[in-house]
Amino acid sequence: MCRIAIYARISRSDDLEHHTSIDHQIKGITDYCNSHGFTIKKIYKDLNISGSTMDRPAFTEMMNDVDAGIIDTIIVKDLSRFGRNYLEVGKYLDEIFLINDVRFIAIDDNYDNKGLMEEFAAFKNIFNEMYLKDIRRKIKSTFDYKAKTKLLNSRLGAFYGLTVDENGKYIIDEEAANVVRRIFSLYIEGHSTKSIANLLTRECIITPGYYRFIKYNDQSSLTEHKYKWKDCTIYKIITNEGYIGKFINRKYLCIQGKRILNPNPIVIEHGLPQIVDVETFCKAQDVRLTRPKKKDKVYINPYPNMVQCGCCKKDMRYTYSKSMNQHFFVCSRCNTRIYINDLKYILKEEIQIQLSKINDSDFISYNEKSIQKIKKEIKQLDLEFQKNFEDYAKGKITEDKLKLAIVELTSKKNELQLNLNKNNQHTKTIIFKITNCKIDDELILKLITSISIINIDKRKYKVHINYNY
């Protein structure tokens, strides 16, 4: 038993040119099925999608059902509804449907891959793609003509300082134009873009975006900061040739999905009313090009290759936020972040705790080798004392030799004891210096090998520190 699917597709251009609709397509195919005794299993329809692409939701769903064996027959109004790319359509007709044993019928083209009209399908596919290319060519020609002969964007307030009259022609909006002229004047006088933005903000001058909203009810321009001017807005104004009457169309090109500057844009001379004279505009550009540029700040990481994300173990990047005026480490993968001031405070506290644990015994054990050597030598001298007394008692040495040995051994022992006392005093001095030393980045780099950060809450962290001892 045939498992029949209806597929219908329409794009906006099809709707305008052929006055057809999805419902008309489905009704025509349904009538065809009823007259031929076919029972419809499922209906698939794509709205407002071009036939040049096969990446369509309903089409994809239909082909998945073909793979799953849910349907084995597809009926369309004509081949152009299935697709307009003849190579792709041919691939489905000649390969995919053949492999999956799917029957395909295009009613208006009298095509049935199980019937006698297969050869004609290839020609129909080519005609469909030629139609699509012809539509594209016409659209491109229309836009090229508009770009060379008139302004492509003539909505109210689209150009700050200009408005549109009832005939769709640009005219000067004096209220906004006066702000533009003042910006040029201030910039030529030596004010920076940032200082001009701050001045306009302080004076509560409405920004271009909010101006469009309140004057022309442009909802797309609505913003909370109606007085907050930005230096980038000032820069765009002083570099915009539209203020001297030039209008530039096709300023950007889209190549392989990327937006790039067009090296040969279409320039309409005197296409706009002139708000600023050419001399003033040129002076502003001279100021802009001759003004010394600020060197980019270099942010030196105080702890290179040390700070890691506790979640993914990836090294965290050291960066700067201009809006918050804060340096911080951030993990680009987990978005873990810690401000440098918070990190330094935590490290100093942890190191201070470690230093406070140091005492005499800790330091002596740390210098175990040198201290034990002195103690061993003193113990050896004590054994020699005992041996000399034993030899004297047994009559092996005389009293004079005993006295001489005692003086010599006592002298050596006193010297060793003095060294031991010095060592202990030195230890106490070192401990005092360590426990009261200044904890800076240099000391942190010497004591710590790595730092692991985990965010617990806003400005709350779990920090694990690996020391090099």
Side-chain angles (χ1 to χ4, degrees), residues 300-310 313 315-316 329 338 340-454 461-469:
I300 301 173
N301 187 346
Y303 312 127
N305 304 317
M306 286 176 60
V307 184
Q308 299 172 346
C309 174
K313 309 304 178 186
D315 283 351
M316 296 173 71
F329 286 93
I338 184 169
I340 186 64
N341 292 337
D342 293 346
L343 179 59
K344 287 190 176 187
Y345 179 79
I346 292 170
L347 294 179
K348 287 179 180 179
E349 272 202 334
E350 289 296 319
I351 291 174
Q352 194 65 56
I353 292 170
Q354 294 294 321
L355 295 178
S356 66
K357 294 178 181 179
I358 296 175
N359 53 44
D360 290 4
S361 59
D362 291 329
F363 196 84
I364 289 171
S365 63
Y366 184 73
N367 295 282
E368 189 75 28
K369 192 172 181 180
S370 60
I371 293 172
Q372 288 302 323
K373 184 179 178 182
I374 296 173
K375 287 184 176 181
K376 186 177 180 180
E377 290 178 1
I378 292 174
K379 189 175 182 180
Q380 188 65 36
L381 288 175
D382 290 338
L383 291 174
E384 287 188 30
F385 268 111
Q386 185 178 348
K387 184 177 182 301
N388 277 283
F389 278 110
E390 288 175 355
D391 289 344
Y392 174 73
K394 292 177 182 178
K396 291 183 180 181
I397 60 172
T398 62
E399 185 178 349
D400 291 338
K401 283 187 177 181
L402 176 62
K403 288 179 180 180
L404 185 62
I406 290 172
V407 171
E408 187 178 344
L409 290 172
T410 301
S411 176
K412 286 182 180 180
K413 187 174 180 179
N414 289 338
E415 186 179 350
L416 288 172
Q417 194 65 49
L418 182 62
N419 288 338
L420 183 60
N421 291 337
K422 283 182 178 179
N423 194 294
N424 288 333
Q425 185 60 38
H426 180 66
T427 299
K428 291 178 181 178
T429 304
I430 293 297
I431 291 171
F432 177 79
K433 287 182 178 180
I434 289 176
T435 53
N436 293 278
C437 69
K438 180 184 177 183
I439 302 173
D440 54 14
D441 288 341
E442 185 179 355
L443 180 62
I444 290 172
L445 290 171
K446 288 180 180 178
L447 294 178
I448 295 174
T449 56
S450 65
I451 307 161
S452 178
I453 309 292
I454 296 177
Y461 319 95
K462 183 179 179 182
V463 179
H464 178 74
I465 301 170
N466 290 321
Y467 296 93
N468 62 2
Y469 57 85

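Computed over heavy atoms, backbone and side chain alike; hydrogens, waters and symmetry mates excluded. The residues of the chain are indexed from 1 along the displayed sequence. These numbers come from a predicted model, not from an experiment.
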Return yes if some donor-acceptor pair links the side-chain N/O of D342 with the main-chain N/O of I338 below 3.5 Å, else return no.
no
Salt bridge (charged side-chain N to carboxylate O under 4.0 Å, His left out) filter on E408, not counting sequence neighbours, yields K412
For S411, the side-chain contact (heavy atoms from CB on, under 4.5 Å) test, sequence neighbours excluded, returns none
By side-chain contact (heavy atoms from CB on, under 4.5 Å), I454 pairs with (sequence neighbours left out) K462
Requested in this report: Would you check if I453 and C309 make a side-chain contact, meaning some heavy-atom pair closer than 4.5 Å?
Outcome: no
Correct closest heavy-atom pair for S452 and K313 would be OG-NZ, 4.5 Å
In the structure I gave you, are the side-chain heavy atoms of Y303 and M316 within less than 4.5 Å of one another anywhere?
no
Checklist entry - Have N466 and T449 got a donor and an acceptor in their side chains that come within less than 3.5 Å? => result no
Value for CG (L343) from NZ (K348), rounded to nearest 0.5 Å, stands at 11.0 Å
Output for pair (F329 CZ, N301 CG), nearest 0.5 Å, gives 4.0 Å
To the nearest 0.5 Å, atom CG of D440 lies from atom CG of L445 at 9.0 Å
The reported gap from CG in D400 to CG in L404 (rounded to nearest 0.5 angstrom) is 8.5 Å
The reported gap from OH in Y345 to CD1 in I340 (rounded to nearest 0.5 angstrom) is 15.5 Å
Would K344 and D441 count as a salt bridge (Lys or Arg N to Asp or Glu O under 4.0 Å) here? Give the steps. CA-CA 8 Å; K344 287 190 176 187; D441 288 341; 3.2 Å; yes
All heavy atoms of D315 vs all of Q308, minimum pair found to be OD1-CG, 3.4 Å
Here the gap from T398 atom OG1 to D391 atom CG, rounded to the nearest 0.5 Å, amounts to 11.0 Å
